[in-house]
Structure formats: C-alpha cells, structure tokens
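Structure first, commentary second.
The chains referred to below are lettered A, B, ... by the order of the sequence lines, with proteins before strands, and numbering in each begins at 1. Treat the numbers as computed from the prediction; the structure is a model and nothing was measured.
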Amino acid sequence: MYLSMIESPEDRSKFERIYLHYRGLMYHVAYQILNNEADAEDAVHSAFMKIAERIEKIDEPVCPKTQSYIVTIVENKAIDMYRSNRRRGTSGYFDEAIGQMSEDEPLGLDDCILRLPHRYREIIILKYAHGLTNRELAKQLGITEANAIKLDQRAKNKLRKLCKEAGIL
Amino acid sequence: MMTEDMLTKAARSAAQKMNAMLPDPTACDHVFSSKFERRMKRLLSRANHPVRHRILRCAACIMLVLLVGFASVLTVNAEVRDQVFAWMRKQYETYYAYISDGEISLNLSSRFYPDWLPEGFELAVYDDNTTGKGGEHYTYFRADGEQIQFAWYPDTSFRKKYIANAEWEYREVRVNGLAADLYIAPTQEERSMLYWYDDNTGILFFISARDQEALLKIAENIMKK
C-alpha cells in the first residue's frame, strides 16, 4: 500500500534522506520502550511504512518538525508492539524526562501537553503540531476515524483538567 | 477557554521541547540486523521502482484470478478435470495402480505397435481391446517360451490397471523424453514392467519383458500405425 504513495522522485529522495538520517534515533526511541533489539527494529520498520504513506506532506526531510513527527510515530509503534505482546504498564520514551521536569516553575499549555498520557499526547502533537486530519490520524495510528475523534476529545478534556489544576486556564 | 490556535501553538512548542529531550540523530549509532536491512532495502527498492512494482502486483492479481478460475473450472467440468489428471499412478499398501477417470473424447484413429523386438519373438496373442474401452494388447513369444507384452490404453473411460507389487524396486526412467515408471522384477522368473503416459495423446503405454535393456529399447521404438 505504502509503495504507491511514493511516486515522485522528490518523495523518494525525501524518504531516503529521512531513512538515513533518523533510523538510528528511531531505533534508540523504540529500544528504550521495548528493551529488545528485534522488536525495536520491527517498530522502526513499521514506522517507516507509516511515514511512507504521508511522505508527500513532509516538506523538509531533516528538520525539527520532521524529527518530531517521526519520533511520535515510532514511539506509537513501539508502544503498540509492547502492548500487543501482552505486556502492560509501559511508559513512553519521554515520560521519564517529563517526570523530572521541575514542578516549581510555572507551567504553560505546552507543558500540560507534555504531561498528558502518551496516547493523548501523540494525538495532540500529530493533530495540532503536524496538522493531521482525523482520517490521517486514524491511518497513522491504525485506529478507526471514530476512535481518532473520540481520542482527540478525551485528550482535550484531559488537557483542560491538567490546565485547570495548574491554574493556567 | 482553549482555542484551536492556542492548541496549535502549544503543541508546536511541546514538540520542540520533546525534540530537546532527544539525543542528536547523528550520535545514535546502531548496527541494524541483516533482516532489517533486507526489509528496508525491499521497501526502498520498491519505492524506487513504483511502476515495476505496480506491474508485478497486477501480474500477481491476474495470476490469482486465473488460478481461482481454473480451480472453479476443474471443480465443475469433468472433461477438463480428466484432461488435466488423465492417468494417475497410485501406490497402495501392496501394489501400484494406474487409474483413469476417463470419459474424454479422443481421436483414436491412431494405433501403436513396437517397431523393434529382440530376435526370435513372434506375435502370439492380439487383443484389440479387451474390455471395449479402447487400446490394444500384444503378446509375443519366443521358441524358448520367453514372453514380451506390449499394450496401450487410452484414457477414454474409467479404469484401473493393477500392476506391480509395491515391494518391487521402482525407478524413474525416460522414454523418448517422457517420464516413465520402471518396476524391476525381484526374481528371474518374473518380467519387469514399464509404464509411461503421453499427455499429448492421452495414452498409457505398457511393456513387460525379462531383459530391462530390451524393455527400454522396445519402448523407444513404439510407432504409430
């Protein structure tokens, strides 16, 4: 399926650049979650298949925005794989670093997004930072469009709650 | 109140903060397994040849449709099924047999005979098919009582040819380019047997003789009348 998505030489070149530049980082993220080399490589491969599906939407292959999108996708694939192996209680790649952020400094809306559970966080990041539609979200995350809409609503509700607790809304 | 615009700005800022938590991509060295490299190479090569891949995918779809269609025809059309399967060799617990479901219409104007026989053999018995199902059976004798048999059977009707004991040595040989089954008699008192099937004519041929070399030579000199 993803093959027909990469049709123009520009897209093919973008895809190759992304592959060469980010594969090590993607493996690093996946391995931190899965703690298993083979599973981490599978997650990276799955992520590349998803990236290929919307390669034409990526403007610049090597830039912070692309890195954020790619890392969100590979984190999602790794967590899905972790859960599909009937393991529970995994944390996302960023959870530990976010947990160590100082509680004393005033929080912004962006900090509240970071404190969301990773499933909600990836929805917010993909939808609002990367502009994915609900349909695109569903395809990228392997869920139905109805579920994508539901998750978006729940993520925003949770975010509002966190913001209220932090006194920023 | 949380507007879409606020969310977009905050999400972008959060993404930047997440990027800052990551190591430099160029510092993330990992030697990927050959399995991963192969999968990615396939993915990249398909990406580099989308047209070729699409053609291959179409060809695979067409093959699948043809296979399903052919299987359906085989299921419902006995004639086609017989053309495909014709004579089949089966090994049972104690013997081999050739089975034909038959009922196909062949042009049986041709007849077959051995153009070469070892010296001294004379036709003794001729049966122009025996059970009314087509084919002929020849038996040749020599003065010393030695015997050679030759027969040909069209697969025009159901029949089952019981042949060699399953304990006989079995060997695959070729007769004028066609695969043939040689059953070697375990004693000098018995005759070895050769069967082969010509799918162009739908004929199963049979020869039995004590001398294996002669057996193969007779087989290679079967002629049409």
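Annotation for Glu60(A): atom CD counts as buried by contact number, over 12 foreign heavy atoms lying within 6.0 Å. Counted within 6.0 Å of CZ on Arg160(A), heavy atoms from surrounding residues, nucleotides or ligands total more than 12; the atom is thus considered enclosed.
Pro23(B) is listed as a side-chain neighbour of His28(A), based on a closest heavy-atom distance under 4.5 Å. Looking at heavy atoms from C-beta onward, Met18(B) lies out of side-chain contact with Ser68(A) at the 4.5 angstrom threshold. At a threshold of 4.5 Å between non-hydrogen side-chain atoms, the residues His30(B) and Glu41(A) count as touching. For the pair Leu25(A)/Asp24(B), no side-chain contact is recorded, criterion being any heavy-atom separation below 4.5 Å from C-beta on.
Across all non-hydrogen atoms, the minimal contact from Ala15(B) to Ala129(A) is CB-CB, 4.4 Å. Residues Ile125(A) and Ala14(B) approach most closely at CD1-CB, 3.9 Å, considering heavy atoms.
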Steps toward side-chain contact (heavy atoms from CB on, under 4.5 Å) verdict (Met40(B), His45(A)): CA-CA 7 Å; Met40(B) 286 308 298; His45(A) 182 255; 3.5 Å; yes
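Ionic pairing of Glu4(B) and Lys127(A) is not present here: no N-O contact between side-chain nitrogen and carboxylate oxygen is shorter than 4.0 angstrom. With respect to the salt-bridge test (charged N to carboxylate O, under 4.0 angstrom), the residues Asp42(A) and Arg39(B) qualify. Ion pair Arg12(B)/Asp110(A) not flagged as a salt bridge, since none of the NZ, NE, NH1 or NH2 atoms sits closer than 4.0 Å to an Asp/Glu carboxylate oxygen.
Proximity to chain A is absent for every atom of Asp29(B), based on heavy atoms less than 4.5 angstrom apart. When heavy atoms are compared at a cutoff of 4.5 Å, Ile124(A) approaches chain B by way of both its backbone and its side chain. Val62(A) does not touch chain B: none of its heavy atoms, backbone or side chain, sits under 4.5 Å away. Heavy-atom distances place the side chain of Arg121(A), and not its backbone, under 4.5 Å from chain B. The contact between Tyr19(A) and chain B is made entirely by side chain atoms (from C-beta outward), counting heavy-atom distances below 4.5 Å. Both the backbone and the side chain of His21(A) have a heavy atom closer than 4.5 Å to some heavy atom of chain B. With a 4.5 angstrom heavy-atom cutoff, Lys9(B) does not touch chain A via any of its atoms.
The line from OG of Ser13(B) to CG of Asp111(A) is 7.0 Å long, rounded to the nearest 0.5 Å. For the atom pair Phe36(B) CZ and Glu37(A) CD, the distance stands at 12.5 Å (nearest 0.5 Å). Going from atom CZ of Phe94(A) over to atom CG of Leu22(B) covers 4.0 Å, rounded to the nearest 0.5 Å.
With chain B as partner, the option from Leu159(A), Val29(A), Leu126(A) having the largest number of non-hydrogen pairs under 4.5 angstrom is Leu159(A).
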